[in-house]
Amino acid sequence: MNDITQTIISTEAPAPIVTRERVAVALLFFLNGLVIGAWAPKIPFFSQALSLTELMLGVMIFVFGVGSLVLMPIAGMQIARYGSRRVVEITTLLFIPTIVLVTLVDNIWTGAVAIFLFGGLTGAMDVAMNANAVEVERKMRRSIMSSCHAFWSLGGLCGAATGGFLIATLGAVGHVLLLAAVCFVLFVAARPMILADAPHLTDEPARAKLPMTPLPWLIGTIALFCMIPEGTVLDWSALYLRNELNASTEMSGFAFAAFSFTMAVCRFAGDFVRDRFGAVNTLRFCGIAAIIGLVIAGQSGNVTLALIGFAITGIGISNMVPIAFSAGGNIPGLAPGVGLSVVTTMGYSGILFAPSLVGFVAEYTSLSTVYTAIPSLLIVVLAFSRLARHADRVTGH
């Protein structure tokens with residue numbers, strides 16, 4: 001699209017807040033989050049079925065991450081060739097059965113293959129639905145990415161909250177069969193409304209490969225440095241409260257709960273804030289809030305103050321990643337799926353792999369030191385914050 005056409009589109013009035021295309025992509029995000037949330041309470045059953053030690057389970061979770069990193073770029077290339085609708089339909093249909101597959105495996109090798117496919121198709125669907133969200137943003141001329149990620153968080157909450165009860169009631173297999181059936185119904189409801197974007201056939205063939213220009217990689221660095229704190233809070237906050245702040249087992253779980261609650265609320269509000277103040281200002285505010293929250297959490301001397309810190313961190317982290325994803329899908333002269341695949345791959349590597357490095361560092365220092373040091377990554381994000389302006393191409397800021 002040339003600059004003149006972009007300018008004309010930017011001056012048109014935004015579409016209504018709720019459209020069929022927006023409902024469809026929200027359902028896709030909810031579906032993906034629902035499966036990932038339901039996977040969390042299934043991990044012990046997966047480990048028990050394969051007689052895995054903690055080390056072996058760690059390797060399996062690593063394989064999940066490798067699957068995501070392998071299939072995410074491939075999904076991006078296919079989006080450039082066929083458009084996001086076709087890719088999101090195929091990846092969703094392939095993704096839904098994988099949660100059943102990881103439940104039915106009975107040996108380590110089939111388990112490794114199953115969890116590779118589960119992680120890979122999770123990532124591939126993630127790239128495709130984010131790419132479709134970028135296209136919906138363009139059509140609507142208003143920000144929707146933060147609310148899409150809020151629906152993912154809501155799906156994850158529903159999946160995790162109901163998983164244990166359903167497993168106890170229906171058994172592990174009954175749980176996943178019901179889950180797969182619900183997800184299929186959600187997909188059938190969403191499919192007729194999914195935005196049909198055109199393939200990017202005008203892009204040069206080289207543009208369908210990993211880009212050699214630095215911009216997507218710099219925006220990917222923003223996503224990476226924003227998701228490392230998220231992964232660290234997810235995997236280590238409970239241990240931090242229990243071991244270093246002497247919290248009870250029941251209280252230790254409130255760290256991620258406080259973080260998740262403020263993140264979900266702020267993601268639903270994030271699109272309005274971004275449309276009002278612009279992506280750059282929103283990213284800067286969020287970055288500063290996350291830095292303050294992490295320092296409070298890391299330097300707190302009691303559980304209450306730590307919970308306040310983690311809640312503020314959730315406010316900060318909430319809209320940073322959606323802004324980075326929108327920017328990655330709107331890089332001038334680059335197919336949206338290609339730019340987005342780079343940003344999502346780099347971002348999710350932070351949440352998939354960084355927490356294991358945190359464990360190594362914490363063994364020689366402390367989790368308090370880790371949470372106090374992580375804000376240095378967000379200072380880099382603030383230094384790169386001007387790159388978030390590409391996220392505003394959909395609204396004409």
Side-chain angles (χ1 to χ4, degrees), residues 1-19 22 25 130-131 133-150 214-227 229-230 262-293 312-334 336 339-340 342-344 347 377-397:
M1 179 180 295
N2 59 43
D3 293 339
I4 295 176
T5 305
Q6 179 66 44
T7 300
I8 292 172
I9 290 179
S10 298
T11 58
E12 294 179 1
I17 294 176
V18 179
T19 65
R22 184 172 188 175
V25 76
N130 274 284
V134 168
E135 296 294 343
V136 175
E137 280 191 324
R138 288 180 173 178
K139 180 178 180 182
M140 294 181 65
R141 297 177 296 283
R142 66 167 69 245
S143 303
I144 70 161
M145 189 65 80
S146 289
S147 64
C148 286
H149 284 252
L215 187 54
W217 303 99
L218 291 175
I219 296 175
T221 300
I222 293 176
L224 170 64
F225 286 178
C226 292
M227 295 186 83
E230 182 176 350
T262 55
M263 173 180 280
V265 171
C266 290
R267 280 183 165 174
F268 276 114
D271 295 323
F272 171 79
V273 173
R274 191 178 117 194
D275 283 341
R276 175 66 179 81
F277 298 104
V280 174
N281 290 331
T282 304
L283 182 67
R284 287 172 178 169
F285 170 82
C286 288
I288 293 170
I291 289 171
I292 293 172
I312 295 173
T313 303
I315 294 172
I317 296 297
S318 61
N319 292 301
M320 299 177 79
V321 173
I323 287 173
F325 284 5
S326 282
N330 285 287
I331 297 173
L334 194 66
L340 192 57
V342 171
V343 175
T344 53
L377 300 178
L378 298 177
I379 293 175
V380 177
V381 172
L382 293 178
F384 289 170
S385 61
R386 280 294 300 162
L387 299 178
R389 68 186 185 276
H390 295 290
D392 285 331
R393 292 181 69 206
V394 298
T395 56
H397 279 295

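Predicted model, so just to flag it, every value in this text is computed and none were measured. All residue numbers refer to positions in the sequence shown, counting from 1.
- Between L378 and M320 the shortest side-chain heavy-atom distance falls below 4.5 Å.
- Open room surrounds CZ on F285; 12 or fewer heavy atoms of other groups in view lie less than 6.0 Å from it.
- Every side-chain hydrogen bond (donor to acceptor under 3.5 Å, both in side chains) that S147 has, sequence neighbours left out, goes to R22, D271.
- Separating the CD atom in E230 from the OG1 atom in T313 is a distance of 11.5 Å, to the nearest 0.5 Å.
- Listed by chain and residue number, V25, F29, A133, I144 satisfy the side-chain contact (heavy atoms from CB on, under 4.5 Å) test with C148 (two or more places apart in sequence, or in another chain).
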Trace of the side chain to side chain contact (heavy atoms under 4.5 Å, CB included) decision for V321 with F325: CA-CA 6 Å; V321 173; F325 284 5; 3.6 Å; yes

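- With hydrogens and angles disregarded, no donor-acceptor distance shorter than 3.5 Å links the side chain of S385 to the backbone of V381.
- Taking T282 as the reference, nothing meets the side-chain hydrogen bond (donor to acceptor under 3.5 Å, both in side chains) condition, with sequence neighbours excluded.
- Interatomic distance, CD1 of I219 versus CG of N330, reported as 9.0 Å (0.5 Å rounding).
- With sequence neighbours excluded, no residue satisfies ring pair (Phe, Tyr, Trp, His ring centres under 6.0 Å) with F272.
- Listed by first and then second residue, the side chain to side chain donor-acceptor pair (under 3.5 Å) pairs that reach into residues 318-328 are E137-S326, S146-N319, R274-S326, sequence neighbours excluded.
- Side-chain contact between L387 and L215 is present, with at least one heavy-atom pair separated by less than 4.5 Å.
- With rounding to the nearest 0.5 Å, the separation of CD1 in I312 from CD1 in I291 is 13.0 Å.
- Applying the side-chain contact (heavy atoms from CB on, under 4.5 Å) rule to I288 yields the partners I292, L382; only residues at least two apart in sequence or on another chain are considered.
- Remark: T344 pairs with no residue by the side-chain hydrogen bond (donor to acceptor under 3.5 Å, both in side chains) rule, at least two apart or across chains.
- Residues that satisfy the side-chain contact (heavy atoms from CB on, under 4.5 Å) test with A388, not counting sequence neighbours, are A279, V280, L283, I323.
- Shown here are the side-chain hydrogen bond (donor to acceptor under 3.5 Å, both in side chains) partners of N130, two or more places apart in sequence or in another chain: D126, H149.
- Among residues two or more places apart in sequence or in another chain, the side-chain contact (heavy atoms from CB on, under 4.5 Å) test is passed with V380 by F225, F384.
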